[in-house]
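Values below: every heavy atom of this structure, side chains too, minus hydrogens, waters and symmetry copies. Computed from a prediction, not measured in an experiment: that's the story for all the values here. Numbered from 1 within each chain, the chains take letters A, B, ... in sequence-line order.
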Amino acid sequence: MFERPAREPIAPGAVWLHGFALADAGALLADVQLALQQAPLRHLVTPGGYRMSVAMSNCGPLGWCSDERGYRYAAQDPQSGRPWPSMPHSFMSLASRAAAAAGYADFTPDACLINRYEPGARLTLHQDRDERDHRQPIVSVSLGLPAVFLFGGPRRSDRAHRLPLQHGDVVVWGGPSRLAYHGIQALAHGTHTLTGPCRYNLTFRCAG
DNA sequence: AAGTCCCA
DNA sequence: ACAG
């Protein structure tokens with residue numbers, strides 16, 4: 001049989017952890033729903049004035065936000081004025097273990113972006129560069145429907161790898177890959193046992 | 001520019 | 001390629 005390796009290097013500093021979150025997926029998804037109850041998903045607007053196809057929310061001390069004025073991290077949900085929901089223990093534990101498995105010890109994220117992709121939703125190539133300390137890695141967890149993850153280099157024009165991410169996969173990048181351009185191809189239609197017709201992505205960062 | 005449009 |  002063909003089996004996926006547990007740990008697949010993508011580029012220097014970047015690792016694909018196949019199925020790393022599988023055992024945690026149920027608990028993670030339950031905590032996603034609890035967080036979204038306090039801070040509902042919403043479609044953000046980019047500085048260019050376009051509505052993002054991915055629906056987003058956050059939990060943890062800081063949340064990633066976008067509006068016509070730009071991108072930033074904020075301690076309060078701009079939609080309610082209240083702090084973002086606290087980071088669930090299940091999230092923190094998974095993120096820390098995944099980072100360690102990828103070679104990044106002592107990862108303590110202060111921000112978790114919750115993304116919901118419905119069919120057609122996508123994220124064009126971009127860099128995560130709104131965080132204060134780029135020495136800390138990014139941990140990205142896939143739940144539900146599969147999606148093609150694009151992972152390029154430091155320039156937008158760099159050739160990108162195309163990684164078919166599955167439910168439970170985790171990608172970690174940092175060090176020389178910290179500012180790599182990355183994105184998600186338009187989600188294909190489908191139904192997943194745990195999430196139904198969508199994909200959730202949890203992105204953990206040290207923003208402050 | 002974390003999006004959209006146009007061209008080959 | 002394009003501009004905030």
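Atoms CZ (Arg156(A)) and P (dG3(B)) sit 8 Å apart, rounded to a whole Å. Across the protein-nucleic acid pair, Leu125(A) atom CG and dA2(B) atom P stand 9 Å apart, rounded to whole Å. A straight line from CD of Gln127(A) to P of dG3(B) spans 14 Å, rounded to a whole angstrom. Between the P atom of dG3(B) and the NE2 atom of His126(A) lies a distance of 8 Å, rounded to the nearest Å.
Between Tyr50(A) and dT4(B), a side-chain N or O to OP1/OP2 separation shorter than 4.0 Å is absent. Proximity of Thr46(A) to the phosphate of dA2(B): no side-chain N or O atom is located under 4.0 Å from OP1 or OP2.
Taking atom P in both dA1(B) and dC5(B), one finds a spacing of 13 Å when rounded to whole Å.
Using a cutoff of 4.0 Å between basic side-chain nitrogens and carboxylate oxygens, Arg178(A) and Asp133(A) are not scored as salt-bridged.
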Verdict with reasoning, Trp173(A) to Phe149(A), per ring-ring contact (aromatic ring centres under 6.0 Å, His included)
CA-CA 13 Å; Trp173(A) 66 98; Phe149(A) 184 54; 5.7 Å; yes
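As judged by a 4.0 angstrom heavy-atom cut-off over every strand, Leu44(A) is placed among residues making no nucleic acid contact. Across all strands shown, Arg72(A) has no heavy atoms under 4.0 Å from either base or sugar-phosphate atoms. Note on Asp130(A): a base of the nucleic acid sits closer than 4.0 angstrom, heavy atoms only.
Taking a pair to require two hydrogen-bonding distances under 3.5 Å in either a Watson-Crick or a G-U wobble arrangement, dA1(C) pairs with dT4(B).
Donor-acceptor pairing under 3.5 Å is lacking for the side chains of Thr108(A) and Asp110(A).
Although no hydrogens or angles enter the test, the distance criterion places no donor-acceptor pair under 3.5 Å between the side chain of Ser142(A) and the main chain of Leu165(A).
Closest to the Met56(A) side chain, of the nucleotides dT4(B), dG3(B), dA2(B), is dA2(B).
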